[in-house]
Amino acid sequence: ETFKGLFDPVIRERHGGYKPTDKHRTDLHPDKLKGGDDLDPNYVLSSRVRTGRSIRGFCLPPHCSRGERRAVEKLSEDGLKSLDGEFSGKYYALKNMSDEEQQALIDDHFLFDKPVSPLLLASGMARDWPDGRGIWHNDNKTFLVWVNEEDHLRVISMQKGGNMKEVFNRFCTGLSKIENVFKSKGHAFMWNEHLGYILTCPSNLGTGLRAGVHVKLPNLSKHEMFGDILKLMRLQKRGTGMLALTWWKSICCSSFWQQWSGSPPKINLLIAKGCNNSFVLLAISRHCIF
C-alpha cells in the first residue's frame, strides 16, 4: 500500500494490463494439467519448473540484515530436514561447502553464482556473500531449494527427459509440504489476494512460476524467424545454465514468460504445446528452407 503509486503502473505494464483492483488466482492442482507427459525425448533433454517464495516476517533479500538472512537460513535448514520419502535430502551451506561438494553441484547444474548484475549489486543482493546462502536438494536430485539467493526461497523441480507432468506433480507436492512446514513454525509465505505470491522482483509476482525445457533444435534455432516463432507461442529462449542468458550451441530453454495471469497448469500446458509445435516445425524444416 505504501508504494502502490510507484508499483501499480510498473505492474500494469509488465503484466499485461493487470489493474490495482484485480485479484490473483492461485491454482496448484497438478491433476488439472492435461498432457505434458509425452514430449519427444529425442529432442527434450530435461524439464524444469521453478518458483520463489518469501517468508512473512523477514525483509526481502535486498534489504534484510545479516541476522535476518541467517535466521531465514536456519529456519529453512531445519524445516527442509524434516521432509521425508521422495523429499528426503541434505542442505549445503555455501560458506561451508567442500571443493568436492561444490564441483558435484556444478556438474549437476545446481549451484548458483554470486550476483554480478549491476542492478542486483546496487540493490544490496550480494551483501555478506556467501554468508547465509545455501542449496538443499533431495536424494534423487530432482527437487531442490535455493536459500537466500534473489528470494528467500527458490523451489525447483527438474529431471531429465520430457515428462513435464511428472515434474509439475512433484513441484506442487513438494511446494505444499514446504509451505506446511513453515506454517507449523509460525512463518507463512507472503501472499495477498491482489498480488498473489510476493517476491523480490515485480516480474515474479503472482504465480512466480517458470516452466522450461532444454530442447535440441539444431536447424530451426538458426533460422532468422526463430525468435518470432517462439514469441507467437508465448515462449522465451534462455541459456542452458540455471542463470546464464547466453545461447549455447543448438540447445535452448523455452519458458513461459507471462508469470502472473496464467494458472500453473495452464503455463505448463503452453510449454507442452509449444514444444510439440516446435517438433512439427522441425519435421517440416527438413523439407523446406528451415
Side-chain angles (χ1 to χ4, degrees), residues 3 7 48-81 83 89-138 141 143-158 174-175 178-179 181-182 185 187 189-190 197-205 208-210 212 238-246 248 253 255 259:
F3 297 101
F7 280 109
R48 176 174 175 255
V49 178
R50 68 85 165 152
T51 192
R53 288 293 183 263
S54 302
I55 303 170
R56 193 176 297 279
F58 297 97
C59 291
L60 295 176
H63 189 66
C64 70
S65 66
R66 184 185 303 172
E68 284 182 304
R69 198 180 301 111
R70 288 178 175 177
V72 168
E73 181 185 38
K74 182 70 165 64
L75 187 65
S76 302
E77 183 177 7
D78 290 346
L80 293 168
K81 191 184 300 181
L83 300 180
K90 181 179 178 181
Y91 180 75
Y92 301 85
L94 260 62
K95 66 178 182 180
N96 299 329
M97 204 175 290
S98 69
D99 292 340
E100 291 77 14
E101 290 172 335
Q102 186 178 55
Q103 189 58 52
L105 291 170
I106 290 173
D107 292 342
D108 289 327
H109 304 289
F110 285 2
L111 194 64
F112 58 85
D113 296 321
K114 180 178 180 179
V116 295
S117 162
L119 289 175
L120 295 180
L121 293 175
S123 72
M125 200 77 73
R127 282 193 319 244
D128 306 313
W129 195 277
D131 187 88
R133 281 87 173 183
I135 299 172
W136 174 94
H137 67 72
N138 68 343
K141 297 185 177 181
F143 192 76
L144 56 149
V145 180
W146 294 351
V147 177
N148 285 325
E149 190 239 2
E150 183 177 322
D151 296 299
H152 290 151
L153 303 176
R154 275 286 174 94
V155 180
I156 304 165
S157 176
M158 60 191 295
L175 185 60
I178 291 172
E179 184 165 16
V181 166
F182 277 86
K185 295 179 178 294
H187 291 279
F189 291 150
M190 295 185 191
Y197 286 100
I198 300 169
L199 301 175
T200 298
C201 182
S203 67
N204 286 328
L205 289 169
L209 185 146
R210 180 180 290 274
R238 294 171 69 88
T240 56
M242 297 294 274
L243 295 178
L245 299 178
T246 55
W248 182 73
C253 176
S255 302
Q259 296 175 327

Determine, step by step, whether His187 and Phe58 satisfy the ring-ring contact (aromatic ring centres under 6.0 Å, His included) criterion, reporting the C-alpha distance in whole Å, the side-chain angles of both residues, the deciding distance to 0.1 Å, and the verdict. CA-CA 9 Å; His187 291 279; Phe58 297 97; 5.2 Å; yes
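Remark: Leu75 CG to Arg70 CZ distance equals 16.0 Å, nearest 0.5 Å. Atoms CG and OG1, on Asn204 and Thr51 in that order, are 7.5 Å from each other to the nearest 0.5 Å.
Heavy atoms from other residues, nucleotides or ligands lying under 6.0 Å from CZ of Arg56 number more than 12. The 12-atom threshold is not exceeded at NZ of Lys74, counting heavy atoms of other residues, nucleotides or ligands nearer than 6.0 Å. Residue-environment remark: OH (Tyr91) exceeds the threshold of 12 foreign heavy atoms within 6.0 Å.
The backbone N or O of Glu73 sits nowhere less than 3.5 Å from a side-chain atom of Arg133 that would complete a donor-acceptor pair. With hydrogens and angles ignored, the 3.5 Å screen pairs no side-chain donor or acceptor of Arg50 with any backbone N or O of Met158. Here the side chain of Trp146 pairs a donor or acceptor atom with the backbone of Phe110 at under 3.5 angstrom.
Proximity of Asp99 to Gln103: side-chain heavy atoms (C-beta onward) are nowhere separated by under 4.5 Å. Between Ile178 and Trp136 the shortest side-chain heavy-atom distance does not fall below 4.5 Å. Within the 4.5 Å cutoff, the side chain of Val155 has heavy atoms near those of the Phe143 side chain. Residues Leu105 and His137 form a side-chain contact, since some pair of their non-hydrogen atoms from C-beta on lies under 4.5 Å apart. Lys90 has its side chain within reach of Glu101: a pair of non-hydrogen atoms, C-beta onward, lies under 4.5 Å apart. Looking only at side-chain heavy atoms (C-beta outward), Phe112 and Ile135 come within less than 4.5 Å of each other. Two residues are said to be in side-chain contact when any heavy atoms from C-beta on lie closer than 4.5 Å; Tyr197 and Arg53 meet this criterion. Considering only heavy atoms from C-beta on, Met97 comes within 4.5 Å of Leu94 through its side chain.
The heavy-atom pair separating Leu153 from Ser76 by the smallest distance is CD2-OG, 3.4 Å. Between Lys114 and Ala126, the closest heavy-atom pair is CE-CB, 4.1 Å. What you find for Asn148 and Arg69 is that their closest heavy atoms are ND2-O, 3.0 Å. Contact detail for Gly79 and Val181: the closest heavy-atom pair is CA-CG1, 3.4 Å.
For Lys141, the side chain to side chain donor-acceptor pair (under 3.5 Å) partners two or more places apart in sequence, or in a different chain, are Asp108. Considering only residues two or more places apart in sequence or on other chains, Ala104 meets the side chain to side chain contact (heavy atoms under 4.5 Å, CB included) condition with none of them. Under the side chain to side chain contact (heavy atoms under 4.5 Å, CB included) criterion, Thr200 pairs with Leu60, Pro61, Pro62, Met125, Glu150, Asp151, sequence neighbours left out.
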